[in-house]
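I have placed the structure first, in the form of structure tokens, so that the comments after it can refer back to it.
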Amino acid sequence: MVVLSFFLKRSYQFIIVMLVISFIGFSIQDALGDPIHQLVGESVGLAEREKLREKLGLNDPFLTQYVRFVKNALTGDLGTSYFFKKPVMAVILDRFPATLELTLAASFIVIFLSIPLGIYCAVYPKHVLARTIMTFSIIGISMPVFLTGILLIYIFPVQLGLLYSFGRGETLMLFGFWETNFLTQDGLLHIILPAISLASIMLPLFIRLIRGRMVEVLSEEYIHFAKARGLTKNRILYVHAFRNTLIPIVSVAGVQFATMIAYTILTETVFQWPGMGFMFIEAVTHSDIPLIVAYLVFVGFVFMVTNTVVDILYLMIDPTVQLVKQKF
Amino acid sequence: MKERTFFEVARNDYQFLITASILILWLGGAFLAPWLVPQNPYDLTSFDILDSELPPAWIEGGTRQFLFGTDPQGRDILSTVFYGMRLSLIISISAVMIQLMLGTFLGLMAGYLGGRWDSFIMRTADVQLSLSTLMLTIITLAIIKNFFAQEVYDRLAIYMIIMVIGVAEWPQYARVVRSGVLVEREKEYVAAARVVGVSPRIILFKHIFPNLISPLLVIATVQVANAIISEAALSFLGLGMPPTQPSLGLLISRGFEYIFSGAWWITFIPSFFLVVLIVTINILGGWFEDYFNPKLYK
């Protein structure tokens, strides 16, 4: 029952937000893009243009056009890119794997470094290494992600001649539509620097978060009890204590995963990584309105899906979680 | 235990003193830039293309005239950096003012009016927070940029950036203020004021609000650092300041291509000033948090 009302509430929120985003998107397209001009250019006369406008339904009332926009969007049709002369969804889906793989690679780095480092800093707060990590985490938070990228490019490809400063390198085609970096050596070498710089924005945050939660958990009674039972230190830390730090972290992780997609715009621009973010900046330079609008709608959709998935994960980890928020 | 004042605590904390001095130096340099630096980088007649890409003075080939070297147009980097920092600070501080006013106002309203208004304001805040502010600012500016002709946009850019960064970050303030109002209004002093017959509006603004100032100050400090990063990111992407008025982000962005030919100073000197500025503000923010130890209402 509770689960059902959770899903109803979620889908309701999902639909509202997507409608608002698509409405904003459509208004932008209506105000900025003149598809006739893009279709026929300067050479066609006024009467011809008017005929075409009528035929395409561009003289219909705003709301009628909006409804048509939503209907088309539901079938995956968000218009045609001015610059690429292809359906915008095709352009975006073409670039999507690059962005997703970059985000995944960065997430792996964050997960595999932040958990041990965060726990270490919580267990030995006075140790030199812990202090160094905490100092670096302040600098890490203060370092804009594009700057980390530039610094990495200067150190590795420019000075040392190692790794690569732009592009995806050699990729492997999977299932006929998914180009992957993870299966070729060249692809893996290309993804390292962009992934590190994207990870650098989240890593300090997660180290601090895990450390903070871990310090709290370690002072709780069941930890003392576990020590008294003679369990090994590693078992207490990684099994008993860490599990309870996980819950708040998952909810932050969900929001941050979405934020990372935003940061891919910066990372991809620095490394000329052919993903959605780089494409978006190109679209802005070319005033490619349908592509800008499609990106807006697509990213809104990805954010909403991520948030829903995180809520479900939350539910699986913590059975006591309140599904439907109670009013004050 | 006798409570120590802010300055008594600060005087004995070396880390604080060092950080604060660096920050004051940076702020002083930025705001006094027009009187301090040798060149006006906005004035095209003040520099010479023959001086282009000179390295900093301490490296071979550098001259004493240009302490931090010059950029490809022959501009003195010391001058562009200080002017750029001035712009970055003006933008971020103005943006934080807007965040503060908007967030506090909406938070007070949500806490005070309750009911429908409360849930509407807070739901909007939730949605906005879940959409990532960086994404919102980038997309909004991208769209605004397409509305205007390039030269009009260049003229208005500074106001647009302030508005967009200002509006994008209000939810954090609103959350803290709203939950602060909810906690404070249950306290005895509010009950006492109500019994005496003080009007709800006066209770809200004169009695409750002063208790929320220290958590707001803590958030605002860190937000100045975040606003500087946002502005730099927007300018880096070409959505921010125009080339005629380069902020730190734009300076870094324009120097980027020259690192491949070895002219690292064009991009890394503005970067150094930017990072030091942000680090000091963040450390100071953490310090305020420890000192005021505000009950960060959640």
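FYI, side chains are in, hydrogens and waters are out, and symmetry mates aren't considered; it's all heavy atoms of this structure. Treat the numbers as computed from the prediction; the structure is a model and nothing was measured. A, B, ... follow the sequence lines: proteins, then strands. Residue 1 opens every chain.
Within the model, atoms CZ of B:F268 and CD1 of A:I150 stand 6.5 Å from one another, a figure rounded to the nearest 0.5 Å. The distance from atom CE of B:M135 to atom CZ of A:F280, rounded to the nearest 0.5 Å, is 7.5 Å. A:L147 contributes atom CG, which lies 11.5 Å from atom OG of B:S253 (distance to the nearest 0.5 angstrom). Interatomic distance, OG of A:S142 versus CG of B:L277, reported as 9.5 Å (0.5 Å rounding).
Among pairs with a residue in residues 123-154 of chain B, none fulfils ring pair (Phe, Tyr, Trp, His ring centres under 6.0 Å), at least two apart in sequence or across chains.
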Pair up each side-chain donor or acceptor in residues 231-240 of chain B with any protein partner under 3.5 Å, not counting sequence neighbours, and list the distances.
{"residue": "B:E231", "atom": "OE1", "partner": "B:S88", "partner atom": "OG", "Å": "3.4"}
{"residue": "B:E231", "atom": "OE1", "partner": "B:S247", "partner atom": "OG", "Å": "3.4"}
{"residue": "B:E231", "atom": "OE2", "partner": "B:S235", "partner atom": "OG", "Å": "2.7"}
{"residue": "B:E231", "atom": "OE2", "partner": "B:S247", "partner atom": "OG", "Å": "2.7"}
{"residue": "B:S235", "atom": "OG", "partner": "B:E231", "partner atom": "O", "Å": "3.3"}
{"residue": "B:S235", "atom": "OG", "partner": "B:M241", "partner atom": "N", "Å": "3.3"}
{"residue": "B:S235", "atom": "OG", "partner": "B:S247", "partner atom": "OG", "Å": "3.2"}

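Interface with chain B: from residues 134-141 of chain A, residues A:I138, A:I139, A:I141 qualify, criterion being any non-hydrogen pair under 4.5 Å. Along residues 260-270 of chain A, the residues that come nearer than 4.5 angstrom to chain B, judged on non-hydrogen atoms, are A:I261, A:A262, A:Y263, A:I265, A:L266, A:T269, A:V270 in order of number.
Residues A:Y154 and B:F260 keep their aromatic ring centres 6.0 Å or farther apart.
At a 4.5 Å heavy-atom cutoff, A:I24 makes no contact with chain B through either its backbone or its side chain.
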Practice prompt. List the steps, then state whether side chain to side chain contact (heavy atoms under 4.5 Å, CB included) holds for A:V158 with B:W264.
Written response: CA-CA 10 Å; A:V158 176; B:W264 54 268; over 6 Å; no
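Counting heavy-atom pairs closer than 4.5 Å to chain B, the top residue among A:L296, A:V284, A:V293, A:I292 is A:V284. Contact count against chain A (heavy-atom pairs under 4.5 Å) is highest for B:N146 among B:T133, B:N146, B:I229.
The 12-atom threshold is not exceeded at CE of B:M163, counting heavy atoms of other residues, nucleotides or ligands nearer than 6.0 Å.
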